[in-house]
Amino acid sequence: MKSPLLSLPGAVPAEGVDEGVAAHYGELFREQRALADGTGFVDLSHRGVLTVTGADRLSWLHLLITQHVSELPVGQATEALILSANGHIEHALYLVDDGETVWVHVEPGTQEALLAYLESMKFFYRVEVADRTDEFAVVHLPAGSIAPVPDGVVVRETAHGRDLFLPRADLESYAEAQGPAAGLLAYEALRVEAHRPRLGFETDHRTIPHELGWLGTAVHLQKGCYRGQETVARVQNLGKPPRRLVFLHLDGSEVHLPVPGTPLHLASEGAEGRKLGFITTAVRHHELGPIALGLIKRNVPLDAELVAGDTAAAQEVVVEP
């Protein structure tokens, strides 16, 4: 779904899974600084939007997701995962309940599969699930923003900012009133700086929540059973995850950022050495320079000097080994 904000001056379209919104509007670092200062907004209208209504919506969702939501207070934002039977991450949900409806936004293109799964699990519960992507667009206001929220718009507020479920028909008029817009590259740079994983970027077919630090924000370790819960409990209580998320400072002299999937090796061994992991997201930050997130084997020493291809990569701990 192509955003009408791609018609704004300087808009450069994003590619890949983020196709449909602007990567930037011609001034990447200015856009980052604006977000860091709490001004502007980000068009996330390519993300999927689902709603869950009905008297049993919270108790029903509680049975399916990794988060404790059976008594979720009205207006309190949370995030959750849906796991496979083996505990691998399949979906990441960002949700809030407005007292009558649970509003959820998810990664672009994942809403249809998520909707199909939720529909298959309704049974006799008093719930209705709907794909509202055609009707509502997600707009992100950064932390510290004092921009007003239009009347009647549902807001999901977190430490990283506010996500608005804005009627899609109001997107252009909202942009005119609340500009300037910041592109997705600015949003992603701040996400990487904050060590926040993203489904499909930091995850692959075998990722478990422990590897990415999602236990702290998206998994409740004392709630009842859900699909994949046995793996979560076993790794938490009896073992360690095979990999860990790491934050990387990249060599600022390199012209090109390493692409996702670029292997990580020990600097002393170079590109011919053992593969210890790979880059998941690499960005240019307005203050830190080139930075990245990566997944590496758990037993890689914390002081090990790494390289991503030919690029030096100094690690900072995100998930303890």
Is there a donor in the side chain of Thr133 and an acceptor in the side chain of Asp131, or the other way round, less than 3.5 Å apart? yes
Salt bridge or not between Glu90 and Arg227? Use side-chain N to carboxylate O under 4.0 Å. yes
Within the supplied structure, the quantity of interest is the number of heavy atoms (other residues, nucleotides, ligands) at a distance under 6.0 Å from Glu19 CD; does it exceed 12? no
Please say yes or no: joined through hydrophobic side-chain contacts below 4.5 Å, possibly via intermediate residues, are Leu5 and Leu141 part of one cluster? yes
Report the C-alpha distance between His140 and Tyr187 in whole Å, list the side-chain angles of each, state the deciding distance to 0.1 Å, and finish with yes or no for ring pair (Phe, Tyr, Trp, His ring centres under 6.0 Å). CA-CA 9 Å; His140 175 77; Tyr187 179 84; 5.0 Å; yes
Can you confirm whether Glu316 is buried at CD, in the sense that more than 12 heavy atoms of other residues, nucleotides or ligands lie under 6.0 Å from that atom? yes
Give the cluster check for Leu166 versus Val49: same hydrophobic cluster or not, with ILVMFWY residues linked at side-chain heavy-atom distances below 4.5 Å. no
Minimum heavy-atom distance Val319-Leu212, with the two atoms named: CG2-C, 3.7 Å
Do Arg206 and His88 have a side chain donor and acceptor closer than 3.5 Å? no
Test of understanding: clusters of I, L, V, M, F, W, Y form through side-chain heavy atoms closer than 4.5 Å, transitively. Do Val42 and Trp103 belong to the same one? yes
Does Asp310 CG have over 12 foreign heavy atoms under 6.0 Å away? no
Would you find more than 12 non-hydrogen atoms of other residues, nucleotides or ligands less than 6.0 Å from Leu238 atom CG? yes
Just checking Phe123 against Trp60, ring centres under 6.0 Å apart? no
Exercise: identify the closest heavy-atom pair between Trp214 and Glu79: NE1-OE2, 2.9 Å
Geometric class of the Tyr174/Phe41 ring pair [parallel <30°, tilted 30-60°, perpendicular >60°]: perpendicular
Asp43-Ser45 side chain donor-acceptor pair, cut-off 3.5 Å: yes
Do Leu257 and Arg284 come close enough that some side-chain heavy atom pair is under 4.5 Å? yes
Heavy-atom count around Glu269 CD within 6.0 Å, excluding the residue itself: above 12? yes
In short, Ala308 meets Thr262 closest at the heavy-atom pair C-CG2, 3.7 Å
Does the Lys122 side chain pair with the main chain of Glu128, one donor and one acceptor, at a distance under 3.5 Å? no
Side-chain contact, heavy-atom cut-off 4.5 Å: Val17 with Phe201? yes
List the steps and the verdict of side chain to side chain contact (heavy atoms under 4.5 Å, CB included) for Thr78 and Leu95. CA-CA 6 Å; Thr78 191; Leu95 57 146; 3.7 Å; yes
Applying the salt bridge (Lys or Arg N to Asp or Glu O under 4.0 Å) criterion to Glu211, which one of Arg244, Lys297, Arg243 satisfies it? Arg243
When you compare the side chains of His285 and Glu193, does any donor N or O come within less than 3.5 Å of an acceptor on the partner? yes
In terms of heavy-atom contacts, Leu295 and Leu245 come closest through CD2-N, 3.8 Å
Applying side-chain hydrogen bond (donor to acceptor under 3.5 Å, both in side chains), can you list everything that pairs with Glu172, at least two apart in sequence or on another chain? none
Would a distance-only check, ignoring hydrogens and angles, find a side-chain to backbone donor-acceptor pair under 3.5 Å from Thr66 to Leu81? yes
Glu188 and Arg198: CA distance, side-chain angles, deciding distance, salt bridge (charged side-chain N to carboxylate O under 4.0 Å, His left out) verdict: CA-CA 10 Å; Glu188 284 288 280; Arg198 183 178 173 189; 3.5 Å; yes
Is there side-chain contact between Val232 and Glu230, with at least one heavy-atom pair below 4.5 Å? no
Looking at side-chain heavy atoms only, is the closest gap between Val139 and Leu44 below 4.5 Å? no
If you count heavy atoms of other groups shown closer than 6.0 angstrom to NZ of Lys223, is the number above 12? yes
Donor + acceptor pair across side chains of Thr207, Asp204 (<3.5 Å): yes
Look at the side-chain heavy atoms of Ile, Leu, Val, Met, Phe, Trp and Tyr, link any pair under 4.5 Å apart, and say whether Val300 and Leu264 land in one connected group. yes
